[in-house]
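None of these values were measured; they are calculated from a predicted model. All chains are named by letter (A, B, ...) in the order of the sequence lines, taking the proteins before the strands, and each is independently numbered beginning at 1.
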Amino acid sequence: MSELSDRYSHAEVEDRIYKWWEESGHFKAEDRSTKPPFSIILPPPNVTGFLHMGHALDHTIQDVLVRWKRMSGFNTLWMPGTDHAGIATQSVVEKELRKEGTNRLEMGREKFLERVWDWKKQYGDRIYKQMRRLGDSVDWDREVFTLDDNVSKAVRKVFVSLYKKGQIYKGTRLVNWSPPLETAISDLEVEYKEQKGSLWHLDYPVEGTDAKLTVATTRPETMLGDTAVAVHPEDDRYKDFIGKNVILPLTGRKIPIIADEYVEREFGTGVVKITPAHDFNDYEIGKRHDLEFINLLNIDGTLNENAAQFRGLKTQEARKQVVKALEDEGALNKIEPYKNKVGYCSRSGAVVEPYLSEQWFMNVSEVAVPARHVVENGSTVFEPEQWTKTYLHWMNILEDWCISRQLWWGHRIPAWYCKSCQHVTVSETDPTECESCKSKELDQDSDVLDTWFSSALWPFSTMGWPQETETLKTFYPTNVLVTGHDIIFFWVARMMMMGLEFKEDVPFRKVYIHGLIRDSQGRKMSKSLGNSIDPVELIENYGADSLRFTLMSSLAAGRDIKFSQQRLEGYRNFMNKIWNATRFALGALKDFEVPAEGVNALPSKSNMSVADQWIVYKTQQIEEDVNRNLEQMNFQEAAQNVYSFVWHEFCDWYLEFVKPVVYGDASDDRKASQLVLAQTLNRIMRLLHPFIPFITEELYAKLPIKSEALIVEEFPTPEKDAQWLSLGSEEAAKEMEMVKDVISAIRNIKGENRIKPNIEIDVRLAPFDDTAQKILGSNKVEIMRLGRLKTCEIGEEGNLSKCAVTPVHSSGHQISVIVPLEGLVDIEEEIKRINKSMEKIQKDIGVLTKKLGNENFVKNAPEDLVAADKELLSSLKTQLSGLQESLNRLS
RNA sequence: AGGGAAUUAGCUCAGUUGGUAGAGCGCCACCCUUACAAGGUGGAUGUCGUCGGUUCGAAUCCGGCAUUCCCUACCA
């Protein structure tokens, strides 16, 4: 009777275990410790966000690392936090306000911010609850929010310092503008979508002639702001016009015809209208040629006074009316259908307008130099290495960073404008007077900083900077940053620049880049496609451990993952397997006397069975493999290592071997096997814990050999576990392999000949040498039980008439497995089976003969390889003749 | 257009320095063998995208081509 149910039920376990970990303080990092430090900063999720599959992957990787390091004796810090996510959060609250029939302008800044804080208090820990579901072992005592006082202090200090160095400045530039949000947005927040549009061809008359220049445009309404038309300097068609003017239709304005190599002669008509205030390329041309910049837009996206009779219209409406007016004036040459990509604001869904406005910028060219250098010289390495290129590519094409946003939710820019002398006071603390004229009449800049600005400081602002805290001393630089490749530039590069500038050291030693999670068809998960998978739902249905293990074993370095629910089910079954294996073991250990030495207790080697020594030997291999693969961040391989060890070695073979022993009578051998079983189980739980923490912690508590909490037990390594592993034996492992091979051969004969598994048969084993003879003899009972035999005779091949014969080649020994089939089966089936295996062997012999017949191979290939091939060839030939013989006897 | 990557079993993917192709899932057959049917045992399936080169030997190294994906920039 076992106290465990026959199915693992995660729902009863996970919440309870997590609470227990948290209350026991096992997640806490120590600012001072004799242990070596290991730190990871969690990429702060948006406070508006829900856990999505990307988080699940990102967090699982980090949690596996942190748990592994914690168990390996490190003082680990995994720092949690959330991001205020300026635009996203403000949008959410504004949407609520709209429903209530009001808006932020009516409320005023102060009231509005109170409202956002209320929202944050109510919903801001949603993501934290979900992180607990996933099992994240972060240090909750250190939870940080990007608008916390200390982070705000850090932000101000950085801003002021960069301003004083001249690296932050105010300027008028063209930026991506979201009209509904009335703010500048970053490139990241612009999504380009292909769209069917039109290409309007407009005729601009050349001043003083009858000639007309035809321009093509996708946005005809911007013609109101044209301040030039451009042609290629070497375009013979238009050479003579350069320097003349055209008369802009509708307005009658005279604008120059200029030459610029940016113009593609082959595209359209080869003449481009230039609207410097509403197009990024035109903006550059406008600067090069010193053109006039005519801004046509208000901040809400309607046309302004420069648009004359079109003033007040939205761009879409203006487009129609401008086209109509141009047609009336005879300036519309033709309309062509045309596909182009249009930028949309990812927050509001509106078309993004390039908009000329006064913004704050950060010049990054100077801080980029060391940030590039540290990656080039390997102070920080990317894993997989290929992302280094992407990073360096970005660092070479940097442009000044627009850091201001016309929002209210965020870090308000610490700049104050003097009402009397216009002087700008930039200060870490709120000034009471103008630093220039001492006037008390100051207005703070109404804008806030781009959310990425505070994110860029995250590795040190979360640790208490600008104070030189113990946390910083211990944990900065962090060991690894885990994130997706989509934000290498927006986040990774900027943290690097800020870390080097203000902490004079890299923020992380390693950057582990993972891919995105896609659906089973490889599509991006998105709300509009409706193919998003909710990880919380998966956790409810399959358990957090199953999800974690699926993610880890699907993880191909740096590549996107197609998520398969079938696979998840497979790993859910693995959890059940672990559960049941433990359930069995606990039953077998009912009367086990728990040794006082715990994990250090050793059986006498002389009492250990071959299987015992074999499983210890395999344990050594798995400890090596898992540690090495985790060290190299080969998560997929590490997961596969433990999976196949637990299922295909421990469960499939060891437990089967140990059954008769533990069910048998009390003896020293039985005690030894019980101890090996208990010790192996203990090590399995430790090895599995980083991947599947809940089920292992739950089961660990029920083991006979255990300590208080698995989460802080020692992760086994071949070095630390040397004493235990010394009980393993390579000899026993080889012996075990032979026994397994023989049993498999018997099962194969049964399976292929459709002999029901439960029919016990007679078998003759013919070893070719004394060692094999001895091994078979001492394992006869196991072979009979697991092969389900009635009798098992070990000796000569004897009479092969009407027998199935399978040659087994194992650990350098050869054995014939012989099963008399008379009366058991249709002999035809067996003939087919033998023919099939002869074909295979003949094919192999052919390959080898050809290879060894090649003089150059024998001459050039390594000796041991040639020798091995020769040996293989000869044994294949023996096997073939054996098969031929048994075939002859069958018919 | 530039940059990066991929192409291996029906599907998803491994395959570390070149030495006769692997896993999981799925599929087929048989089995409720007292831990587990979310299980057991056995089985089938691949000109490793294509063409050439280097080599005794190429899924692996080099080059061309094809297809697909991602990123960046977009021609108004």
Answer yes when A:Arg288 and A:Glu261 have at least one side-chain N-carboxylate O distance shorter than 4.0 Å, and no when they do not.
no
Give RNA chain B the dot-bracket treatment, 5' to 3': Watson-Crick (N1-N3 with N6-O4 or O6-N4) or G-U (N1-O2, O6-N3) under 3.5 Å, [ ] crossing, | other strand.
(((((((..((((.....[..)))).(((((.......))))).....(((((..]....))))))))))))....
Contact state string [nucleotides 38-49 of chain B, B base, S sugar-phosphate only, - no protein heavy atom under 4.0 Å]:
BSSSSSS-----
Tell me whether A:Glu649 is salt-bridged to A:Lys740, with the criterion being a basic N under 4.0 Å from an acidic carboxylate O.
yes
Side chain of A:Lys273, heavy atoms from C-beta onward: which of B:rU33, B:rA5, B:rA76 has the nearest atom to it?
B:rA76
Base, sugar-phosphate, or nothing for A:Ser564, non-hydrogen atoms under 4.0 angstrom?
nothing
For atom P, what is the distance between B:rU60 and B:rG18, given to the nearest Å?
11 Å
Name the nucleic acid region contacted by A:Glu855, choosing base, sugar-phosphate or nothing; use a 4.0 angstrom heavy-atom cut-off, strictly under.
nothing
Check this one for me: any side-chain N or O of A:Lys756 less than 4.0 Å away from OP1 or OP2 of B:rC31?
yes
For atom CD of A:Glu336, is the number of surrounding heavy atoms from other residues, nucleotides or ligands below 6.0 Å larger than 12?
yes
Side-chain N,O (A:Tyr391) to OP1/OP2 (B:rU72) below 4.0 Å
no
Decide whether a cation-pi geometry holds between A:Arg518 and A:Phe563; the criteria are a distance under 6.0 Å from NZ or CZ to the six-membered ring centre and an angle within 45° of the ring axis.
no
Students often mix this up, so state it plainly: with edges at 30° and 60°, are the rings of A:Tyr283 and A:Phe293 parallel, tilted or perpendicular?
perpendicular
RNA chain B nearest-nucleotide lookup for A:His393 and A:Ser554: closer to the 5′ end is A:Ser554
N/O to N/O distances under 3.5 Å, protein versus nucleotides 54-62 of chain B:
residue	atom	partner	partner atom	Å
B:rC56	O2'	A:Asn854	ND2	2.6

Rounded to whole Å, please give me the gap between CD in A:Gln636 and C1' in B:rU12.
10 Å
For a quick check of understanding: with a heavy-atom distance under 4.0 Å over all strands, which category does A:Thr217 fall into, base, sugar-phosphate or nothing?
sugar-phosphate
Determine whether the aromatic ring centres of residues A:Trp387 and A:Phe382 are separated by less than 6.0 angstrom.
no
Remember a base hit wins even if backbone is also touched, and classify A:Glu656 as base, sugar-phosphate or nothing at under 4.0 Å, heavy atoms.
base
If you check every side-chain atom of A:Ala216, which of B:rU20, B:rA76, B:rA35 has the closest atom?
B:rA76
Would you classify A:Trp394 as touching base, sugar-phosphate or nothing, given that sugar-phosphate means primed atoms plus P, OP1 and OP2, and contacts are heavy atoms under 4.0 Å?
sugar-phosphate
Reckon A:Lys562 has a side-chain N or O less than 4.0 Å from the OP1 or OP2 of B:rU12?
yes
Does A:Leu848 reach a base, just sugar-phosphate, or nothing at all? Heavy atoms under 4.0 Å.
base
Hey, does the Lys NZ or Arg CZ of A:Lys659 hover above the aromatic six-ring of A:Phe584, less than 6.0 Å from the centre and inside 45° of the axis?
yes
Could you pull out every donor-acceptor pair under 3.5 Å between side chains of residues 633-646 of chain A and any protein atom, sequence neighbours left out?
residue	atom	partner	partner atom	Å
A:Asn634	ND2	A:Asn629	OD1	3.4
A:Asn634	ND2	A:Gln632	OE1	3.2
A:Gln636	NE2	A:Ser553	O	3.2
A:Asn641	OD1	A:Asn629	ND2	2.7
A:Asn641	ND2	A:Glu637	O	3.3

Relative to the 5' end of RNA chain B, which residue comes earlier, A:Arg754 or A:Leu199, by the nucleotide with the nearest heavy atom?
A:Arg754
To the nearest Å, how far apart are A:Arg518 CZ and B:rC13 C1'?
16 Å
Going by the rule side-chain hydrogen bond (donor to acceptor under 3.5 Å, both in side chains), which residues pair with A:Glu830 if we only count those two or more places apart in sequence or in a different chain?
A:Asn753, A:Arg833
With a non-hydrogen cut-off below 4.0 angstrom, is A:Ile561 in contact with a base, only sugar-phosphate, or nothing?
nothing
Ignoring hydrogens and angles, state whether a donor on the side chain of A:Thr214 or A:Lys334 is under 3.5 Å from an acceptor on the partner side chain.
no
Which atom pairs, one a donor and one an acceptor, fall under 3.5 Å between side chains of residues 861-874 of chain A and the rest of the protein, sequence neighbours left out?
residue	atom	partner	partner atom	Å
A:Asp869	OD2	A:Lys851	NZ	3.2
A:Ser874	OG	A:Glu871	O	3.2

So with a 6.0 Å cut-off around NZ of A:Lys287, is the heavy-atom count from everything else above 12?
yes
With rounding to whole Å, what would you report as the distance between B:rA9 and B:rA5 at their C1' atoms?
23 Å
Can you tell me, in whole Å, how much space there is between the C1' of B:rC61 and that of B:rU17?
12 Å
